[in-house]
Amino acid sequence: MSKNIILLGAPGAGKGTQAIKIAERYKIPHISTGDIFRKNIREGTPIGLKAKGYIDGGKLVPDEVTIALVDSRLKESDCAKGWLLDGFPRTTAQAEALDKIAKVTTVVNVDVDLNKLSDRITSRRVCPDCGGSYSTVTYSNSNCTCGSKLVQRDDDKEETVKSRLQVYANSTAPLIEYYKKKGVLVSVDGNKAIDEVAKEIAKVLG
Ligand code: AMP
């Protein structure tokens, strides 16, 4: 059976880092709506132009834009044997739309202490080339291991983080209950070290 996995969790929970490992392990595409939006913004596409204001303000891009984007991505041939969604769905409307597109097999909720998130996000530095993600707390080098210069995402700055965490609490956290009711939710403790969280995820995904 194909693995259609969703990674759920607050901004800064470590979804992106874990997503890379899961996608490698099961050889399924890692689909991050945030990454797709940022690529569109860099390339100045119509979707990028629509999304930029929302992302810069720490708000969600409207459902109709995001759902259409994911719908067409999941129709690509590399998704035939499964996929891993990172950052989608983020609203009940998105989850309901996804239910009409495909059958979700497992939702992994990366559970973290909400009080730690703001610090985690503002200390995050990312590689614009390979997508690597680091914390200034544990990684003092200004370059990625691939050699490119690390940057701070504009929406990881303190003023935007507050709004993103509020949006998570209001719009995305209810999805935990949504998927629990469907019997597909598993929660892992995202406060642990990266490798320990990865092990826990591997255990629940089998
Ligand atoms: P992320 O990289 O997942 O933290 O996403 C960065 C930003 O992209 C979010 O703060 C939103 O503005 C936008 N975004 C990503 N995924 C979604 C989604 N599923 N629905 C609406 N907006 C999204």
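Every number for a ligand or one of its atoms is a count from 1 in the order of the listing.
Considering backbone and side-chain atoms alike, Phe37 places every N or O at 3.5 Å or more from each N or O of ligand 1.
Counting heavy atoms closer than 4.0 Å to ligand 1, residue Arg153 contributes side-chain atoms (C-beta onward) but none from N, CA, C or O. Counting heavy atoms closer than 4.0 Å to ligand 1, residue Asp63 contributes nothing at all. When non-hydrogen atoms are compared, ligand 1 lies under 4.0 Å from the side chain of Thr66 (C-beta onward) but not from its backbone.
Counting the atoms of ligand 1 from 1 in the order shown, those under 4.0 Å from a heavy atom of Thr33 are 15 (C), 16 (N), 17 (C), 19 (N). Listed by number with element, the atoms of ligand 1 under 4.0 angstrom from any heavy atom of Lys59 are 11 (C), 12 (O). Interface of Gln94 with ligand 1, defined as ligand atoms under 4.0 Å from a residue heavy atom, comprises 18 (C), 19 (N), 20 (N), 21 (C). The distance from ligand 1 to the heavy atoms of Arg164 drops below 4.0 Å at these ligand atoms: 4 (O), 10 (O).
For the residue pair Asp63/Thr91, the side-chain donor-acceptor check at 3.5 Å is satisfied. For the 3.5 Å distance criterion, the side chains of Tyr134 and Thr145 qualify, holding a donor opposite an acceptor. With hydrogens and angles left out, the side-chain atoms of Asp189 and Asn191 include a donor and acceptor closer than 3.5 Å.
When only non-hydrogen protein atoms are considered, atom 19 (N) of ligand 1 lies nearest to Gly87 O, 2.9 Å. Shortest contact from atom 13 (C) of ligand 1 to any protein heavy atom: Ile55 CG1, 3.8 Å. When only non-hydrogen protein atoms are considered, atom 15 (C) of ligand 1 lies nearest to Arg90 NH1, 3.2 Å. Atom 22 (N) of ligand 1 has Val61 N, 3.0 Å as its closest protein atom, hydrogens excluded (heavy atom only).
Other residues, nucleotides and ligands place no more than 12 heavy atoms under 6.0 Å from the CD atom of Glu158.
Between Tyr139 and Leu150 there is a side-chain heavy-atom pair separated by less than 4.5 Å. In this structure the side chain of Glu96 reaches within 4.5 angstrom of the side chain of Tyr178, judged on heavy atoms.
A salt bridge is absent between Arg120 and Asp113: the closest approach of a Lys/Arg side-chain nitrogen to an acidic carboxylate oxygen does not fall below 4.0 angstrom. Using a cutoff of 4.0 Å between basic side-chain nitrogens and carboxylate oxygens, Lys75 and Asp71 are scored as salt-bridged.
At least one heavy atom of Arg38 sits less than 4.0 Å from an atom of ligand 1.
At least one test fails for Lys59 against the ring of Tyr54: distance under 6.0 Å to the centre or angle within 45° of the axis.
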